[in-house]
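Okay, so here's the structure we're looking at.
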Amino acid sequence: MTIMKMKTFQSLPMILAASCLMACGPSPKSQNSEDSFVRTPETETLLANLKKVSARGFMFGHHDDTNYGIGWEGDEGRSDVKSVCGDYPAVISFDLGHIELGDTASLDNVPFSKIRKEILNQYRRGGMSSLSWHLRNPKTGGDSWDVSDTTVVKSILPGGANHEKFAGWLGKLSTFINSLQTEDGVKVPVLFRPWHEHTGSWFWWGEKLCTPAEYKQLWHLTADALRDNGVNNVLYAYSPGSEPKDMAQYLKRYPGDDLIDVIGFDTYQSDRDGYLANMDKSLAIIDSIGKAHDKVIAITETGYEGIPDTKWWTGTLLPAVEKYPIAYVLVWRNARERVSHFYAPYPGQVSAEDFVVFYNHPKTLFAADVNSLYK
Ligand code: BMA
């Protein structure tokens, strides 16, 4: 089903115009310890706009949206979300796993040239791209999920045996992010969300795999290296899982307000009641911290694998999130290579009609609704 909507409200740039003079200038946060370091104006404008989005609603996001979907791969301009509702997600996320190896394709087998092209396409639509990084294990050679060794983080910090190797990986990552440029040479701002779900212990940077001090050092090492490599077009997102029970637990490994721009969490539905409870608990935490620390809040990953509930979008997701001032909620990928590993509807999928109702809700924002996050 394809239904085009015409939502009757002002465009985001119009609403933001009044506050832009103050909000769009470089903020003190953009000055890192090196006085000369300033993020690009487009990056600062993106942050200012993210802070304003929740006055209108929340953006919908989908991982790898334009790279592939159910029954297709690489078709120009195609998106399962667009096929269902007529518009692209306002946020699309991509994963840079294997960029560190110098490979030409990601861990999910998407060429990095294609990822770059889709980030540029999303920028031209005025929407946002977010980047996660399921990188390899620099000590064992295994993947992100290889938790067989509890000293991996320590080994890549200054003085560790894998420090130089990891610096090289950050160099490759930086080269890619620096290459995100329009024909006019404008660097495309992106939200970078490394070291995610660290309050669980399934990634080598997880809770039981490093100390809070090591985890924070990992973040600073990463951001400092990117800055030294000239990366000035990223905002940073901190996204634990839904394990923290209160603000203190949420902030236990927080690398600091100077570094982080967006705070969020990742959580998925298995049983509905548990999901709603987790959502509410985690949303309340990030809402309070967001207000106290002046941070953008978002649900950085969520979803219900296979979406077997015909009314999931308006019956579960919408009521769970609508009372909180989140900038966006993002669902995970529609894997073309793993049957039933999908989180957004495609034409004919059982929740597709309900997704159109969700799309037509005045609070949900898609690419044409946000129009431009960079002006
Ligand atoms: C996971 C799964 C994996 C994938 C990884 C990185 O949640 O979707 O299949 O490789 O994300 O995208």
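All of these numbers come straight from a predicted model, not from anything done at the bench. Each ligand, and each atom within it, is numbered from 1 in the order the structure gives.
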Starting from [atom], find the nearest protein heavy-atom neighbour and note its residue, name and distance.
| atom | result |
| --- | --- |
| atom 3 (C) of ligand 1 | Arg338 NH1, 3.6 Å |
| atom 5 (C) of ligand 1 | Trp145 CH2, 3.9 Å |
| atom 12 (O) of ligand 1 | Asp108 OD2, 2.5 Å |

Examine [X] against ligand 1 and note whether any of their N/O atoms are separated by less than 3.5 Å.
| X | answer |
| --- | --- |
| His341 | yes |
| Asp95 | no |
| Trp332 | yes |

Atom indices of ligand 1, in the order listed, that fall short of 4.0 Å to a heavy atom of His134: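 In order of numbering, the contacting atoms are 6 (C).
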Whether Phe166 and Trp133 hold their rings parallel, tilted or perpendicular, with breakpoints at 30° and 60°: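 If you compare the ring of Phe166 with that of Trp133, the planes turn out parallel.
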Aromatic ring pairing His134/Trp145, orientation class (parallel under 30°, perpendicular over 60°, tilted between):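 If you compare the ring of His134 with that of Trp145, the planes turn out parallel.
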is_close_aromatic(Tyr88, His62), centroid dist under 6.0 Å: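 That pair fails the under 6.0 Å test.
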Check: Tyr304 ring centre within less than 6.0 Å of Tyr343 ring centre: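 Between Tyr343 and Tyr304, which both carry aromatic rings, the centre distance is not below 6.0 Å.
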Under-4.0 Å salt bridge between Asp261 and Arg39: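 The answer is yes: the pair qualifies as a salt bridge.
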Tyr215 side chain reached by His198 side chain, heavy atoms, under 4.5 Å: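 Yes, close enough: below the 4.5 Å cut-off.
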